[in-house]
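Only one structure is covered here, and it is reproduced in the block below.
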Amino acid sequence: MTATKLYLVDDDEAVRDGLSLLMKTVGFDVTTFADPQSFLNAFFKLTPGCIIMDIRMPMISGLKVQEKLIELHCDWPVVIISGHGDINACRQAFKHGAVDFLSKPIDEQDLIDAIQKSEHILVQLSNNKAQVTELRSLLSTLTAREREVLDMISLGWSTKEIAAALSLSPRTVESHRAHLADKLGTTSIAEMARLVVEAEKKE
Amino acid sequence: MSSWRMKIALALIWFLATACFTIWLTYDRIANFERKLESDGQYLHRLISQRVDQHDAHLTGISTLASSSHEPPLDLLVNLTATISRFYPRIEAVELVTLQTEIPEVVLSTPLNKITGQAKRIRDAALISTGKLQILPTVNGYLLVKRSPNSNQARYGIALGINSKKLVESDLELDAFTLITLKTEGHDEILSVKAGQTSETNNSFTRSLVFQKTLSSRSQPLILILKRRAILKEIIPLRASILFAVLMAVILVISRVFISQWTKTKKAERRAILGEHEARIAQASRINGLGEMASSIAHELNQPLTAILSQSQAGRRLIEEDPNRNENVTAVLKTIAQQAKRAGDILSRLRDWSSQEMNPTQAVNLNDVAKGIANLIFSDLKTKSISLKLRLDTPAPEALCDPVQIEQVLFNLVRNSIEAMENLEGNELSISTRCLDGEGVIEVLDTGKGIAPDLLPRLLEPFFSTKPDGMGLGLSLCDSIIARFSGKLEIINHPQGGVCSTVTLPLVANKKEEV
């Protein structure tokens with residue numbers, strides 16, 4: 001398995017050097033960023049990893065960055081580090097979905113534990129992603145007509161309604177439905193609906 | 001209350017007071033008049049009643065004499081009537097008239113011709129009389145007529161001519177405006193007499209006081225009426241009112257002055273307290289600034305510390321991994337050293353900040369510092385019943401230091417002393433200044449219970465405190481401040497009790513030379 005990717009965002013150079021050296025010796029793949037903007041700019045080109053971020057930085061606070069990431073539909077695990085130990089900031093960080101909140105100076109073990117937690121999340125994420133991709137490819141094997149019928153099925157329409165909407169005969173609709181069941185591997189309407197929803201989930 | 005409203009209020013009070021006073025006095029005067037009238041009336045009533053009773057007696061006497069014999073004894077009658085008219089000037093005349101003749105014949109008339117042409121009237125009156133005396137109004141008064149003898153066979157009519165004016169004469173001192181009226185029973189016949197020299201006035205406001213009583217005489221039940229018209233000039237107490245108004249005005253002005261004085265002192269007091277509070281807050285914020293600084297320093301120090309920790313742990317791992325690859329470890333150790341120096345720099349910045357906060361060193365009048373502190377704590381001492389003793393040396397010692405910091409030091413010492421005396425009675429805080437061997441000394445002495453001897457040497461230690469919530473920075477800060485100015489801070493237990501804190505500072509150069 002490839003080394004877990006860590007993205008370290010901290011405005012202090014010494015902190016970046018120290019932490020990245022430490023994490024490298026543990027065996028992680030660390031990329032450092034001096035400010036959140038450069039991280040956000042690079043975000044789209046990066047493979048999913050664990051974000052380690054200082055909460056108080058000039059220009060933009062770590063919490064704001066969290067909000068930004070949520071906006072960008074980034075679900076990567078975030079570990080917040082802070083030189084303050086501010087309870088309020090801690091609460092906010094967790095509310096925004098942080099995996100952990102560590103106070104400086106940071107002990108290696110605490111950091112390793114937090115990263116391990118993140119790794120589990122990452123695995124789950126990739127599994128979910130893989131699933132979605134699979135679904136998508138499955139759906140792509142459908143013809144356009146079949147896709148239309150599937151969408152209406154997932155909305156709960158009956159064969160008669162679908163036939164009326166698409167100006168087809170009910171028999172034709174029935175035959176489409178049979179094909180769908182074959183391709184998707186299920187006859188359950190609920191299951192089909194779920195597949196549609198899952199596939200349509202934005203990345 | 002604004003000045004205008006105050007003025008209006010006072011003017012209103014003055015006006016109301018004066019008006020009330022005047023009205024009260026007016027009514028009082030009217031009452032007086034009423035009382036006088038009543039008493040005068042009663043007196044006159046008694047007097048006149050007595051007099052008219054005498055008329056009865058006279059008539060009876062004359063009648064008896066007249067009817068004593070067939071022929072009236074004229075000489076006796078003349079004597080009697082002469083005497084009567086001499087001793088009773090109001091009885092102006094006596095007349096005896098025959099009744100049985102067609103034309104009444106005047107038998108007797110004393111004084112001569114006094115009553116003219118009344119004979120017929122007298123006769124008529126006597127004839128219709130059924131025993132009661134008849135009253136016939138005349139110009140001057142009235143005729144009192146009796147038939148003699150007093151029966152249907154009366155032969156004579158006797159008349160007394162009464163002068164009303166003299167009838168009501170008395171030695172009463174009646175007011176000029178009193179009107180005495182006598183009325184017969186019939187009411188419509190008025191025998192009216194004015195007693196008094198002046199005529200009535202017709203003022204716009206007159207209040208008539210009336211006394212009315214019927215004479216207590218069965219024969220002459222005349223109605224006595226005393227009328228008194230009180231005029232404005234009399235009843236309104238002009239002089240008294242003016243006097244009162246003036247007095248009231250004076251009182252109000254004086255009280256206003258007092259009130260404004262009192263409010264001024266209150267305001268000044270309040271301002272003093274506020275000023276104290278402000279100064280205290282300023283003091284506190286200076287200390288707060290330190291708190292802010294501490295917080296930011298803490299954060300800053302965290303960065304190099306984090307780096308040092310991470311580098312150390314990384315270094316350890318590198319060694320564990322490969323004990324021979326020590327160039328990496330060398331880099332690590334170098335970085336650690338760098339970061340440690342960085343932390344040191346941060347701390348010296350803190351020190352620099354502390355000294356930057358201050359004014360440059362200058363000549364400071366220690367007496368002024370002491371007085372300033374005294375003002376600051378004045379009201380606090382009052383509430384805690386601690387007396388203050390200031391013993392300031394002359395000439396005032398002038399030390400070379402920063403006034404703001406020295407003030408902070410002194411404030412700290414004084415506050416500690418106050419806290420030590422808080423829950424005790426009869427306490428005294430004394431602040432004194434003096435010059436001693438070329439040094440300026442400020443001493444703070446309290447009457448608290450002192451400090452345990454084993455704790456004394458630790459007092460100036462940082463983070464050492466005898467207070468449960470104390471940070472322990474106060475005295476150590478004071479110590480460093482004083483040391484920075486080449487001075488000394490000493491805290492000992494005074495032999496007579498309490499704690500004595502002594503701050504010694506070098507005097508300003510030229511002063512030192514003088515000493």
Side-chain angles (χ1 to χ4, degrees), chain A residues 3 6 8-35 50 52-58 61-63 79-90 100-116, chain B residues 288-353 463 469 471 473:
Chain A
L6 300 183
L8 176 59
V9 188
D10 193 309
D11 60 318
D12 191 283
E13 193 187 342
V15 171
R16 282 200 304 275
D17 290 346
L19 281 175
S20 61
L21 178 62
L22 181 59
M23 290 299 102
K24 281 189 188 136
T25 62
V26 178
F28 295 114
D29 175 353
V30 187
T31 318
T32 60
F33 300 88
D35 62 85
C50 170
I52 303 174
M53 188 160 61
D54 189 318
I55 205 170
R56 197 159 103 161
M57 290 178 280
S61 84
L63 291 173
V79 175
I80 299 283
I81 57 179
S82 169
H84 281 278
D86 179 8
I87 291 258
N88 219 15
C90 178
D100 212 341
F101 186 99
L102 304 173
S103 294
K104 291 181 184 172
I106 301 175
D107 182 68
E108 56 184 347
Q109 201 50 54
D110 291 334
L111 192 52
I112 290 168
D113 290 342
I115 295 173
Q116 273 178 348
Chain B
N288 257 1
L290 184 66
E292 289 281 313
M293 191 57 172
S295 162
S296 104
I297 292 289
H299 178 246
E300 280 203 51
L301 280 177
N302 244 331
Q303 310 287 57
L305 276 177
T306 306
I308 290 171
L309 181 57
S310 304
Q311 294 279 352
S312 312
Q313 289 177 328
R316 193 203 74 238
R317 283 179 176 270
L318 288 172
I319 293 262
E320 281 169 359
E321 213 179 274
D322 189 350
N324 296 319
R325 289 269 306 277
N326 49 16
E327 62 270 19
N328 291 341
V329 181
T330 314
V332 162
L333 292 173
K334 239 167 100 176
T335 314
I336 290 173
Q338 262 175 357
Q339 291 303 302
K341 272 208 222 128
R342 178 183 165 195
D345 288 340
I346 292 171
L347 286 175
S348 58
R349 260 211 303 122
L350 170 61
R351 261 180 251 118
D352 287 344
W353 172 85
F463 302 109
D469 58 347
M471 260 203 312
L473 287 175

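Given the structure is predicted, the values throughout are model-derived calculations rather than measurements. The chains referred to below are lettered A, B, ... by the order of the sequence lines, with proteins before strands, and numbering in each begins at 1.
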Distance col, row B:Arg317:CZ vs A:Lys24:NZ, nearest 0.5 angstrom, shows 15.0 Å
Applying a strict 4.5 Å limit to non-hydrogen atoms, the region of B:Gln303 in contact with chain A is both
Chain A shares the most heavy-atom pairs under 4.5 Å, among B:Ile308, B:Thr306, B:Asn328, B:Leu318, with B:Thr306
Taking a cut-off of under 4.5 angstrom between non-hydrogen atoms, the residues of residues 330-343 of chain B near chain A are B:Val332, B:Gln339, B:Arg342
Scanning both residues in full, the closest heavy-atom pair of A:Ala14 with B:Ala307 reads O-CB, 3.5 Å
Note: A:Glu108 and B:Gln313 closest approach over all heavy atoms is N-OE1, 2.8 Å
Note: A:Leu19 and B:Ser310 closest approach over all heavy atoms is CD2-OG, 3.2 Å
Checked A:Leu111, A:Asp107, A:Leu22, A:Leu21 vs chain B; the most non-hydrogen pairs under 4.5 Å come from A:Leu22
In terms of heavy-atom pairs under 4.5 Å with chain B, the winner among A:Val15, A:Asp17, A:Ile81 is A:Val15
Smallest heavy-atom separation, A:Lys104 atom then B:Asn302 atom, equals O-OD1, 2.9 Å
